[in-house]
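First up is the structure itself, then whatever we jot down about it.
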Amino acid sequence: MAAAQRIVIENCSIATVDADDTEYACGYLVLAGNRIEALGAGSAPEGLENVVRRIDATGHLATPGLINTHHHFYQWITRGLATDHNLFDWLVALYPIWARIDEPMAYTAARGSLAMMARGGVTTAMDHHYVYPRGTGDLSGAIIRAAHETGVRFTLARGSMDRGESDGGLPPDFAVESLDGALAATEATVKEHHDPSFDAMTQVAVAPCSPFSVSTELLRNAAELARRLGVRLHTHGSETVEEEKFCHELFGMGPTDYFESTGWLGEDVWMAHCVHMNDSDIAAFARTRTGVAHCPSSNARLAAGIARVPDMLAARVPVGLGVDGTASNESGELHTELRNALLINRLGAHKESALNARQALRLGTHGGARVLGRAAETGSLEAGKLADVVLWKLDTLAHASIADPVTALVFGAAAPVTASFVNGRQIVADGRLLTVDEDAVARATRDEARRLAQLAAQR
């Protein structure tokens, strides 16, 4: 640290989201290279060498960067469609369109999804990409390239489907892979792109899509592949009552028991949604430390239901937040999910005691880091952790009269991001991205959305 360039942030409120929920009403952070060197109450230590920048963060709250644990980037170019559908009808309506996605579309949609999240305080993102139509180019490489250009820490959950329409699945046959082809392509992606190091900017997980779009053999073999390669596992689970019925009819058991029978419960696994979980399911997740990506806005958009997040947290199930694909959450912003998670869960059985502001912030930061297997590196502001830090401006009309800054951030309007640092590099200044041209990204996404719509209309 002695030779590293230092950035000093002073005069801000700080919510560390550490194990003790330590907070400072007025404090400082010292970033040295890509690490947090020091933080605390009051002013930064005197005599620091190699300080290249000092930030007076009066009126701001510093938090860990937000961590998105479930997304489908490609859906950025199919937003606003099938707006009054449940999950299965929505998939039936959109799969024929998604099946026409090619490499330029995947790259452009990823840039749009990443830009929207990054300018709203996300420092670690993930993408569950499972649509790989034949002959459409290097989709995984395009997505990873977009993340690198945007400057966020990134996990690609390399998805797959091998159950097409002719096998009783929802996607068109030409949009699914063979069992062997999916496994081989997934292994190649892990070997080419996964970085296991402490400060990795790119990691890869193994991620068959869902019980109703993949075979039992693919699920089982994918779990074995991931553990042989030492990477994490991700899929959709228990999202709707229709999925529950499907699993009982086809496999003679509910989704959680089915996942356990295929090797898909464990501390190296996280699942999206988990809306329809009974007490036994939650106990199984807690016993195996299987993680959950809670996606409140998408669950509401598709009328899937309210996940039992308070019960999961009480059982010590790891839970993070997810945007989900922007065809079921058109805003594509994670910081709004802090508020939505709190409000929607208060409509459930626990009512006003379901979640509080600090629990919601923990879901979006440390909880997400646990789910992605990176809690030792990020997700809280602590000396030695990676310098993934966000400064939220809370002294404007939208928030200035709310005394508690964490309450202001979670309950209030979406707060402006004055600065966002990833790996010690600033990627957002005053609400604008420094790494990519937002206006150019917007134009490109509009053009690719039109091209995709034209291709889909020709089918």
Next on the checklist: Under the criterion salt bridge (Lys or Arg N to Asp or Glu O under 4.0 Å), I'd like the reasoning laid out for D21 against R358: C-alpha separation, chi angles, the key distance, then a yes or no.
Outcome noted: CA-CA 8 Å; D21 271 330; R358 282 160 177 82; over 6 Å; no
Item to check | Cation-pi, W98 ring and R100 (6.0 angstrom, 45 degrees) | outcome: no
Next on the checklist: Under a 4.0 Å threshold between the charged nitrogen and the carboxylate oxygen, would E377 count as salt-bridged to R374?
Outcome noted: yes
Next on the checklist: What I'd like to find out is whether the side chain of L434 reaches to under 4.5 Å of the side chain of Q426, using heavy atoms alone.
Outcome noted: yes
Checklist entry - Taking it one step at a time, do V319 and V371 satisfy side-chain contact (heavy atoms from CB on, under 4.5 Å)? => result CA-CA 6 Å; V319 183; V371 162; 5.6 Å; no
Item to check | Derivation of the salt bridge (Lys or Arg N to Asp or Glu O under 4.0 Å) call for E330 and R301 | outcome: CA-CA 9 Å; E330 275 74 5; R301 159 79 148 80; 2.6 Å; yes
Next on the checklist: Using side chain to side chain donor-acceptor pair (under 3.5 Å), reason through T216 and Y258 one step at a time and then give a plain yes or no.
Outcome noted: CA-CA 9 Å; T216 299; Y258 175 61; 2.7 Å; yes
Item to check | Note: R451-D102 ion pair, threshold 4.0 Å (strictly below) | outcome: yes
Next on the checklist: Assess whether a salt bridge exists between E267 and R316, defined as any Lys/Arg side-chain N lying under 4.0 Å from an Asp/Glu carboxylate O.
Outcome noted: no
Item to check | Pair H193-H148, ring pair (Phe, Tyr, Trp, His ring centres under 6.0 Å): steps then yes or no | outcome: CA-CA 12 Å; H193 295 291; H148 174 74; over 10 Å; no
Show which side-chain atoms of residues 110-123 pair as donor or acceptor with protein atoms under 3.5 Å away, not counting sequence neighbours.
unit_1 : atom_1 : unit_2 : atom_2 : d
S113   : OG     : F73    : O      : 3.1
S113   : OG     : A109   : O      : 3.1
R119   : NE     : E438   : OE1    : 3.2

Next on the checklist: If you apply the rule salt bridge (Lys or Arg N to Asp or Glu O under 4.0 Å), what do you find for D439 with R432, and how did you get there?
Outcome noted: CA-CA 10 Å; D439 296 331; R432 295 286 293 184; 3.7 Å; yes
Item to check | Full working for side chain to side chain donor-acceptor pair (under 3.5 Å) between N329 and S298 | outcome: CA-CA 5 Å; N329 177 3; S298 176; over 6 Å; no
Checklist entry - Are the charged groups of R228 and E187 less than 4.0 angstrom apart, N to O? => result yes
Next on the checklist: Is any side-chain heavy atom of T256 closer than 4.5 Å to one of M277?
Outcome noted: yes
Item to check | Sole candidate of L183, N221, T186 that passes side-chain contact (heavy atoms from CB on, under 4.5 Å) when paired with V206 | outcome: T186
Checklist entry - Does F212 have R163 sitting over its ring (NZ/CZ under 6.0 Å from centre, angle to axis within 45°)? => result no
Next on the checklist: Below 30° counts as parallel, above 60° as perpendicular, anything between as tilted: where do the rings of Y132 and H129 land?
Outcome noted: perpendicular
Item to check | Derivation and outcome, salt bridge (Lys or Arg N to Asp or Glu O under 4.0 Å), residues D173 and R134 | outcome: CA-CA 10 Å; D173 286 345; R134 296 164 197 162; over 6 Å; no
Next on the checklist: Working note: D388 + T124, criterion side-chain contact (heavy atoms from CB on, under 4.5 Å); need CA distance, chi angles, decisive distance, verdict.
Outcome noted: CA-CA 8 Å; D388 296 356; T124 298; 4.1 Å; yes
Item to check | Residues H234, H128; criterion ring pair (Phe, Tyr, Trp, His ring centres under 6.0 Å); working and verdict | outcome: CA-CA 8 Å; H234 181 59; H128 185 193; 5.0 Å; yes
Checklist entry - Can you name the one residue among H294, H71, Q75, H273 that meets side-chain contact (heavy atoms from CB on, under 4.5 Å) with D324? => result H273
Item to check | Interatomic distance, D162 atom CG to L218 atom CG [nearest 0.5 angstrom] | outcome: 4.5 Å
